[in-house]
Amino acid sequence: MNNSPINSSDDFTRVPIQLLYNPPQKGDFPSQSFNNWRNGLKNVLSSVESSSKRHERNPIVLFLNDKYVCTYDMYPKAKYHMLLMRRKINTHIGNLTHLNTLNDLDSSNLHELREFHALGRAIATQILEYHRTHEMSRNPPIIMKVGYHAIPSMEPLHLHIISSDLDSACITKREHVVSFTSPLFFVEAEAVEQHLESAFTSSIALTIRKDRAQSIRSYTPMMCVRCGKAAVSVPDWKRHNKQCNKLPTKKESSGRLNSLLGWRRAVVLGEDADGADLIKVGSKKKLA
DNA sequence: GTTCTAGAAC
DNA sequence: GTTCTAGAAC
């Protein structure tokens with residue numbers, strides 16, 4: 001079984017000390033139905049559950065415990081690129097199970113989200129360790145990033161764990177570059193936590209300013225992750241990215257505000273939300 | 001002529 | 001999310 005036996009306690013943030021990064025073949029992923037690519041990740045989760053039920057090793061899984069699963073990304077945009085998700089089983093209490101996007105989050109999710117993110121960081125740390133021990137000599141230094149896309153293409157809620165090199169044949173479009181380099185579009189896990197911490201009632205849900213996010217993804221210049229040089233085309237960006245010698249820039253000061261994140265009233269008991277945006281004024285909130 | 005982007009995909 | 005490819009950009 002893939003599930004490495006770790007402590008039997010309910011600490012779901014622990015990761016085996018020696019994680020092996022062994023990416024699968026494309027054919028190992030569940031085949032996508034032609035017109036239904038949006039269900040791709042749901043199919044991945046189903047595949048994880050059925051192999052787990054049969055106690056079979058599943059090559060698309062890097063790590064799993066009773067609550068969460070970390071799978072390889074089918075189209076990795078960097079040397080190391082994984083997705084962390086809440087498993088769709090209820091053997092352990094939690095409220096992230098049925099969430100699909102950042103817009104489903106409110107402060108009642110904060111406790112479990114902290115655990116989710118802590119596991120993501122632990123995996124990132126072990127991947128860095130793997131990199132140091134196996135790959136350091138023939139690769140430039142990297143840092144690991146843990147966060148969400150402001151506009152995800154697939155459900156359910158998934159946390160990207162990705163290395164900073166972005167050296168991948170799967171990067172073919174400017175959106176690929178921007179969605180992992182823009183500090184606005186790539187929403188750090190920490191920024192989500194801090195934003196939720198600033199809500200003072202769980203009836204206030206997080207919301208993404210989607211139009212802004214879209215325009216950021218479409219119009220932000222492609223920049224080198226190491227030296228900041230702007231590129232004129234995707235191939236130009238990739239050529240420079242391969243040869244730039246600078247160290248990757250450390251992540252921007254933690255807790256930095258992400259202006260794509262906002263608030264709205266959460267849906268209550270199946271009633272339609274009025275959808276009104278809320279803005280914060282000092283410590284108070286009022287209707288925008 | 002070649003490179004590159006961007007829109008359709010039932 | 002990707003693949004394919006027409007035609008824009010170089």
Side-chain angles (χ1 to χ4, degrees), chain A residues 23-49 58-62 69-88 98-104 120 145-182 184-189 192 208-225 229-244 260:
Chain A
Q25 306 289 314
K26 289 267 184 295
D28 292 323
F29 288 88
S31 56
Q32 313 278 328
S33 53
F34 196 84
N35 225 1
N36 234 356
W37 57 265
R38 275 183 188 281
N39 287 333
L41 267 188
K42 291 178 179 167
N43 295 339
V44 163
L45 268 192
S46 306
S47 156
V48 168
E49 292 312 335
N58 191 331
I60 68 174
V61 171
L62 172 74
V69 61
C70 183
T71 69
Y72 294 89
D73 192 292
M74 188 174 178
Y75 298 97
K77 302 301 189 297
K79 184 169 176 60
Y80 305 102
H81 187 185
M82 297 133 280
L83 303 176
L84 186 63
M85 291 174 278
R86 176 66 161 90
R87 293 177 64 185
K88 301 276 178 188
H98 302 295
L99 302 191
N100 284 323
T101 74
L102 289 180
N103 289 335
D104 296 328
K145 295 171 55 128
V146 177
Y148 303 87
H149 276 159
I151 308 176
S153 295
M154 288 189 280
E155 298 176 346
L157 187 73
H158 53 283
L159 184 66
H160 289 273
I161 303 169
I162 186 167
S163 54
S164 58
D165 54 276
L166 299 185
D167 182 7
S168 163
C170 295
I171 289 199
T172 59
K173 309 202 300 180
R174 54 169 292 111
E175 284 82 357
H176 295 151
V177 175
V178 175
S179 68
F180 288 106
T181 54
S182 162
L184 289 181
F185 197 91
F186 188 83
V187 185
E188 301 264 352
V192 173
I208 287 282
R209 306 193 188 288
K210 199 171 174 180
D211 48 343
R212 278 208 67 209
Q214 253 155 358
S215 97
I216 278 159
R217 188 175 51 185
S218 300
Y219 302 118
T220 303
M222 288 175 285
M223 310 256 264
C224 174
V225 285
K229 178 182 181 288
V232 297
S233 69
V234 174
D236 178 42
W237 184 90
K238 293 185 75 147
R239 276 188 296 266
H240 173 85
N241 186 52
K242 264 198 194 303
Q243 57 92 61
C244 184
L260 294 179

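In what follows, chains carry the letters A, B, and so on, assigned in the order in which the sequence lines appear, proteins first and then strands, with residues in each chain numbered from 1.
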**Student:** Rounding to a whole Å, what distance do you find between A:Tyr75:OH and C:dG1:P?
**Tutor:** 12 Å

**Student:** Quick one: does NZ or CZ of A:Lys145 land under 6.0 Å from the six-membered ring centre of A:Phe180, within 45 degrees of the ring axis?
**Tutor:** no

**Student:** Whole Å only: how far is the CH2 atom of A:Trp37 from the P atom of C:dC4?
**Tutor:** 17 Å

**Student:** So does A:Ala78 get a backbone contact from the side chain of A:His81, meaning a donor-acceptor N/O pair under 3.5 Å?
**Tutor:** no

**Student:** Looking at A:Lys77, A:Lys79, A:Lys242, which one forms a side chain to side chain donor-acceptor pair (under 3.5 Å) with A:Asp167?
**Tutor:** A:Lys242

**Student:** Hey, does A:Arg239 reach any base, or is it just sugar-phosphate, or nothing, if we go heavy atoms under 4.0 Å?
**Tutor:** sugar-phosphate

**Student:** So, taking the atom named OH in A:Tyr72 and the one named CD1 in A:Ile60, what distance separates them when rounded to the nearest 0.5 Å?
**Tutor:** 10.5 Å

**Student:** Would you say A:Lys77 reaches C:dT2's phosphate, i.e. side-chain N/O to OP1/OP2 under 4.0 Å?
**Tutor:** yes

**Student:** A:Ile171 has an atom CD1; how far is it from atom P of B:dT5, in whole Å?
**Tutor:** 13 Å

**Student:** Taking atom C1' of C:dT2 as reference, at what distance in whole Å does atom CZ of A:Phe29 sit?
**Tutor:** 14 Å

**Student:** Name the stems with DNA chain C in them: runs of three or more consecutive Watson-Crick or G-U pairs, distances under 3.5 Å?
**Tutor:** B:1-9 with C:2-10

**Student:** List the steps, then state whether salt bridge (Lys or Arg N to Asp or Glu O under 4.0 Å) holds for A:Glu49 with A:Arg87.
**Tutor:** CA-CA 8 Å; A:Glu49 292 312 335; A:Arg87 293 177 64 185; 2.7 Å; yes

**Student:** Which word best sums up how the rings of A:Phe185 and A:His149 line up, parallel for under 30°, tilted for 30 to 60°, or perpendicular for over 60°?
**Tutor:** tilted

**Student:** Would A:Lys42 and A:Glu155 count as a salt bridge (Lys or Arg N to Asp or Glu O under 4.0 Å) if you check the C-alpha gap in whole Å, the side-chain angles of each, and the deciding distance to 0.1 Å?
**Tutor:** CA-CA 7 Å; A:Lys42 291 178 179 167; A:Glu155 298 176 346; 3.4 Å; yes

**Student:** Just to verify, what does A:Lys238 make a salt bridge (Lys or Arg N to Asp or Glu O under 4.0 Å) with, not counting sequence neighbours?
**Tutor:** none

**Student:** Just the rounded figure in Å: distance from P of C:dT2 to NZ of A:Lys26.
**Tutor:** 9 Å

**Student:** Ignoring backbone atoms, test whether A:His176 places a side-chain nitrogen or oxygen under 4.0 Å from the OP1 or OP2 oxygen of C:dG1.
**Tutor:** no

**Student:** Check the distance between C:dT2's P and A:Glu175's CD and give it to me in whole angstrom.
**Tutor:** 11 Å

**Student:** Could you pull out every donor-acceptor pair under 3.5 Å between side chains of residues 215-225 of chain A and any protein atom, sequence neighbours left out?
**Tutor:**
unit_1	atom_1	unit_2	atom_2	d
A:Ser215	OG	A:Arg212	O	3.4
A:Ser218	OG	A:Gln214	O	3.0
A:Thr220	OG1	A:Ile216	O	2.6

**Student:** How many Å lie between NZ on A:Lys238 and C1' on B:dC4, as a whole number?
**Tutor:** 13 Å

**Student:** Rounding to a whole Å, what distance do you find between A:Asp236:CG and B:dC4:C1'?
**Tutor:** 12 Å

**Student:** Who pairs with A:Ser163 by side-chain hydrogen bond (donor to acceptor under 3.5 Å, both in side chains), at least two apart in sequence or on another chain?
**Tutor:** A:Asp165

**Student:** Which residues in residues 147-162 of chain A have a heavy atom closer than 4.0 Å to any atom of DNA chain C?
**Tutor:** A:His149, A:Ser153

**Student:** Is A:His158 reaching over with its side chain to a backbone N or O of A:Pro156, donor-acceptor style, under 3.5 angstrom?
**Tutor:** yes

**Student:** Name the pairs: protein N/O against N/O of nucleotides 6-10 of chain C, kept only if under 3.5 Å.
**Tutor:**
none

